[in-house]
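One structure is given below, encoded as structure tokens.
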Amino acid sequence: MPPAQRRSASRGSRTASAPGLAWTDAAPAPVVLVSGGEELLAERAVDRIITLSREQDPQIEVVRLDAAEYSAGMLVVATSPSLFAEDKVVVVTGLERATDELLADVLAAVASTAPGVVLVLRHGGGQRGKKLLDTLRASAVPTISCDVVKSDGDKAAFVTAELRRAGRRPDAQAVRALVDAVGSDLRELAAACAQLAADTTGVIGPEVVERYYGGRIEASGFRVADAAVAGDAGQAVSLLRHALTTGVDPVPIVAALAAKLRTIAKVAAVRSRGAAAVRELGLAPWQVDRATADLRRWTPEGLATAIAVVAQADAEVKGEGRDPRFAVERAVLRVAAASGR
């Protein structure tokens with residue numbers, strides 16, 4: 001067997017039976033599917049495959065094809081042996097918006113993989129190209145799952161992994177504070193982790209996160225929510241007015257209140273059934289600990305009142321009320337008052 005073909009075969013044998021891999025497990029194979037809407041993770045998966053391919057062959061050629069610029073036959077040319085028979089990594093992006101010509105060419109390439117070629121297929125989600133995706137699954141093509149990270153627990157896990165990969169140990173409260181501060185954008189979370197890893201030493205604690213990111217919008221909203229749920233009306237209103245003065249929109253503040261109360265209600269509903277039931281909620285351990293501590297100050301009646309108050313405020317800040325700032329302040333005061341009832 002030629003060297004390029006042996007390399008290609010060995011790549012496939014390592015990963016072909018492992019669908020649903022994390023980006024950190026991405027490895028060269030004759031065909032690799034990178035699937036999901038989280039662009040940062042997808043970029044990392046593709047970069048890792050290229051890096052590992054170059055470790056095997058520093059002269060390997062990398063060819064990138066975009067669905068938006070594709071013409072029939074381009075993939076055939078890209079995967080064809082070159083004059084000097086160099087191996088190739090061919091990355092095809094945008095399969096979720098592929099033309100019929102591109103889908104046909106990809107199906108043909110998958111059915112007859114070229115020796116020495118690593119074909120990386122990037123699909124961002126959706127139903128376009130379903131026949132191709134079904135074919136890849138049926139063929140046990142290694143799939144890198146890059147689903148959008150939505151839950152706070154998944155964001156916290158991402159932050160923890162990022163910092164540990166940088167050789168740093170984060171405090172659980174610091175992880176929570178960073179997620180609250182930076183929000184849902186994974187690229188921003190990654191950048192924040194890189195900055196903290198580069199600029200600080202020792203264990204990363206909440207005070208470090210506060211120093212670097214204390215002024216962010218999401219952090220302001222969650223600090224207001226923390227104070228309100230704790231029943232500290234004065235602190236909650238002071239933080240709220242500061243946030244509004246510095247340009248924070250009322251909507252994310254109400255959203256932070258709602259998220260905090262929802263978490264408390266979820267834990268309250270299942271904690272009597274034991275730790276296994278709590279784990280099924282999909283919350284990070286620090287979220288469960290925080291909600292459990294908060295529950296000591298809340299009765300079922302008070303929690304129901306607070307949830308109703310926040311639901312009303314949510315409608316008012318989104319257009320049903322005349323003054324969103326007044327609506328959110330009233331909600332904060334009523335939530336704080338409901339604590340301990």
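A quick note: this is a predicted structure, and the numbers were derived from the prediction, not measured.
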Identify whether the distance between the nearest side-chain nitrogen and carboxylate oxygen of [X] and [Y] falls below 4.0 Å.
{"X": "E39", "Y": "R44", "value": "no"}
{"X": "K155", "Y": "E188", "value": "no"}
{"X": "D294", "Y": "R297", "value": "yes"}
{"X": "R48", "Y": "E43", "value": "no"}
{"X": "R241", "Y": "E329", "value": "yes"}
{"X": "D226", "Y": "R176", "value": "yes"}

Query raised in the report: Which pairs, with at least one residue in residues 26-36 and sequence neighbours excluded, count as a salt bridge (Lys or Arg N to Asp or Glu O under 4.0 Å)?
Result: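 Matches after skipping sequence neighbours: none remain.
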Query raised in the report: How far apart are the C-alpha atoms of E320 and Q312, what are their side-chain angles, what is the distance that settles it, and do they pass the side-chain contact (heavy atoms from CB on, under 4.5 Å) test?
Result: CA-CA 9 Å; E320 292 189 12; Q312 178 186 352; over 6 Å; no
Report summary line: Paired with L119, the side chain to side chain contact (heavy atoms under 4.5 Å, CB included) test is passed by just one of T113, V32, L75, namely L75
Query raised in the report: Where do D134 and K131 land on the salt bridge (Lys or Arg N to Asp or Glu O under 4.0 Å) test, with the steps shown first?
Result: CA-CA 5 Å; D134 290 343; K131 179 181 177 182; over 6 Å; no
Close side-chain approach of [X] to [Y], heavy-atom, < 4.5 Å:
{"X": "L240", "Y": "I253", "value": "yes"}
{"X": "R128", "Y": "L103", "value": "yes"}
{"X": "V34", "Y": "W23", "value": "no"}
{"X": "R97", "Y": "Y70", "value": "no"}

**Report entry** N/O donor-acceptor pair under 3.5 Å between K88 side chain and V118 backbone
**Finding:** no
